[in-house]
Amino acid sequence: VSIKPDGLQFIVSASYSDTGGATDSGEVYVYTQNNGLFSTTPQIIKSPSRELSERFGSSVAFSDENLFVTSLNGDQKIPTTFDGTSVGNVTANTTFDNGFTDFSNIKIDKGVVYVYESVNNSLVYSEQFVYPLTQTTFGENIYANDNHVYIGMPDQFNNSTKGQLLDFRKNKKYFRK
């Protein structure tokens with residue numbers, strides 16, 4: 001459960017819900033207050049990926065304008081880029097088959113955080129967070145405050161230290177790490 005800071009919306013997550021025939025894919029229910037009463041018919045949000053055992057809604061957090069939802073077993077699709085070679089003022093990018101094929105590194109069941117924006121009392125999908133260096137479950141712990149969302153990864157190892165905290169910050173229109 002998470003309550004929007006203004007108190008006008010709250011969400012209940014059901015990360016083990018079987019939606020669309022996918023076991024444990026998960027969903028969240030958004031209840032909005034109108035005229036002092038919360039709706040009895042919630043907005044139902046499902047993962048854009050709709051993967052089997054994704055556990056969408058494992059962690060949830062509200063900020064003033066955004067809802068953050070973790071898919072604990074979501075697959076991270078990280079685009080692979082081929083650096084261009086600069087000659088003078090011209091950068092030549094490497095493309096294959098006229099750019100028809102996307103090259104991606106897919107990290108299976110590492111976790112994804114989806115971002116939803118509040119538009120006219122409804123929440124609409126806007127972007128997703130991934131972390132290419134994740135070794136453990138990304139998005140297990142999330143906390144939103146103003147234009148920041150903090151993602152804790154207690155089991156992440158970096159040399160001899162254990163644990164990592166990522167800060168995604170909203171700059172006008174989108175979030176940056």
Would a hydrophobic clustering, with Ile, Leu, Val, Met, Phe, Trp and Tyr connected at side-chain separations under 4.5 Å, put [X] with [Y]?
X	Y	answer
L72	Y114	no
L165	F157	no
I3	Y143	no
L166	L133	yes
V1	I44	yes

Any idea which heavy atoms bring [X] and [Y] closest together, and the distance?
X	Y	answer
R55	N73	CG-ND2, 3.9 Å
T134	Q76	CG2-NE2, 3.5 Å
Q9	S118	OE1-OG, 4.4 Å
S13	V28	CB-CG1, 3.7 Å

request  = Please step through side chain to side chain donor-acceptor pair (under 3.5 Å) for the pair E54 and S47, ending with a clear verdict.
outcome  = CA-CA 8 Å; E54 184 176 3; S47 169; 2.8 Å; yes
In Å and rounded to the nearest 0.5 Å, what is the [atom1] to [atom2] distance from [X] to [Y]?
X	Y	atom1	atom2	result
T70	F56	OG1	CZ	9.0 Å
D75	E51	CG	CD	4.0 Å
E127	Y125	CD	OH	7.5 Å
N145	D167	CG	CG	10.0 Å
S25	Y16	OG	OH	12.5 Å
N171	N147	CG	CG	7.5 Å

Heavy-atom donor-acceptor pair, [X] side chain to [Y] backbone, under 3.5 Å:
X	Y	answer
E27	T19	no
D18	D24	yes
S126	V115	yes
Q128	V112	no
S15	G26	no

side-chain hydrogen bond (donor to acceptor under 3.5 Å, both in side chains) partners of residues 149-164, not counting sequence neighbours, each pair once = Y131-Q164
query = Is the F168 ring parallel, tilted or perpendicular to the F138 ring (thresholds 30°, 60°)?
reply = perpendicular
For residues 60-69, please give each side-chain donor-acceptor pair under 3.5 Å, one per line with the distance, not counting sequence neighbours.
unit_1, atom_1, unit_2, atom_2, d
S63, OG, N66, N, 3.1
S63, OG, N66, O, 3.4
E65, OE1, K170, NZ, 3.4
N66, OD1, K170, NZ, 3.4
N66, ND2, Y116, O, 3.4

remark   = Apart from L52 itself, members of its ILVMFWY cluster (side-chain separation under 4.5 Å) are none
task = Determine whether more than 12 heavy atoms belonging to other residues, nucleotides or ligands lie under 6.0 Å from atom CZ of F38.
result = yes
